[in-house]
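Presented below is the structure to which this report refers.
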Amino acid sequence: MASLRTTRALLLGADESLASLLADVLGDLGIALFLDAADAARPDLVLAHVERGEAILPVLTRARACAAAAPVVVLLPFADERLVSRALCQGARACFALGRPLDELRALLRSHFPLLETTHG
């Protein structure tokens with residue numbers, strides 16, 4: 001029988017207030033949020049905060065270095081189709097604009113990670 005394991009998310013590039021907010025949102029979905037790759041121990045998901053468009057590639061490179069095969073969701077400061085397109089082309093699984101309602105982040109995570117839906121209702 002397979003043991004149940006908490007879904008682990010690694011957060012890169014975020015300040016303390018964003019980390020706290022995301023910990024609450026992810027906690028509602030049964031996802032444990034980690035700020036240090038060593039603590040996350042093979043995360044299932046990486047949330048990568050990007051403040052400027054030119055930072056997308058370095059942040060995605062760091063995400064891959066910390067969690068090789070884990071899908072990456074890029075957190076953008078605002079909705080910008082050009083930035084979204086760039087992030088997706090460079091390997092992000094999905095993007096979320098931080099100015100959007102947090103229910104949209106929950107929906108995005110559930111749609112891209114169906115396991116959340118079955119294990120955490």
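Keep in mind the model is a prediction, meaning the values are calculated, not measured.
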remark   = On a heavy-atom basis, the closest approach of Ile31 and Ala9 is CG2-CB, 3.6 Å

task = May I have all residue pairs that pass side-chain hydrogen bond (donor to acceptor under 3.5 Å, both in side chains) and include part of residues 59-70, sequence neighbours excluded?
result = none

Please tabulate, one pair per line, all N/O donor-acceptor pairs under 3.5 Å involving side-chain atoms of residues 86-100, not counting sequence neighbours.
residue	atom	partner	partner atom	Å
Arg86	NH1	Gly53	O	2.9
Gln90	OE1	Leu57	N	3.3
Arg93	NH1	His112	O	3.4
Arg100	NE	Glu104	OE1	3.0
Arg100	NH2	Glu104	OE1	3.3
Arg100	NH2	Glu104	OE2	2.8

request  = Check salt bridge (charged side-chain N to carboxylate O under 4.0 Å, His left out) between Asp103 and all other residues, then give those that pass, not counting sequence neighbours.
outcome  = Arg106

query = Taking Ser85 for the side chain and Arg82 for the main chain, is one N or O donor matched with an acceptor at less than 3.5 Å?
reply = no

ask   = Given the rule that I, L, V, M, F, W and Y join up when any side-chain heavy atoms are under 4.5 Å apart, are Phe78 and Ile56 in one cluster?
value = yes

inquiry  = Let's go through Arg110 and Leu29 carefully: what are the C-alpha distance in whole Å and the side-chain angles of both, what is the deciding distance for side-chain contact (heavy atoms from CB on, under 4.5 Å) to 0.1 Å, and is it a yes or a no?
reply    = CA-CA 8 Å; Arg110 284 187 176 121; Leu29 296 171; 3.1 Å; yes

Would you tabulate the side-chain donor-acceptor contacts of residues 65-77 under 3.5 Å, counting partners in other chains and residues two or more places apart, or write 'none'?
none

task = State plainly whether one hydrophobic cluster holds both Val50 and Leu35, where clusters connect Ile, Leu, Val, Met, Phe, Trp and Tyr through side-chain heavy atoms under 4.5 angstrom apart.
result = no

request  = Report the residues that fulfil side chain to side chain contact (heavy atoms under 4.5 Å, CB included) with Asp15, sequence neighbours left out, ordered by chain and then residue number.
outcome  = Ser17, Leu18

query = How many angstroms lie between CG in Leu26 and OG1 in Thr7, if you round to the nearest 0.5 Å?
reply = 10.0 Å

ask   = Which atom pair, heavy atoms only, marks the closest approach of Arg42 to Arg8?
value = O-CD, 4.4 Å

ask   = In the hydrophobic clustering that connects Ile, Leu, Val, Met, Phe, Trp and Tyr at side-chain heavy-atom distances below 4.5 Å, which members other than Phe34 occupy its cluster, ordered by chain and number?
value = none

query = Honestly curious: do Val59 and Leu11 fall in one hydrophobic cluster under the side-chain, below-4.5 Å linking rule?
reply = no

task = Could you tell me the separation between the CG atom of Leu47 and the CG atom of Leu22, rounded to the nearest 0.5 Å?
result = 6.5 Å

remark   = Scanning both residues in full, the closest heavy-atom pair of Val46 with Pro43 reads CG2-CG, 4.4 Å

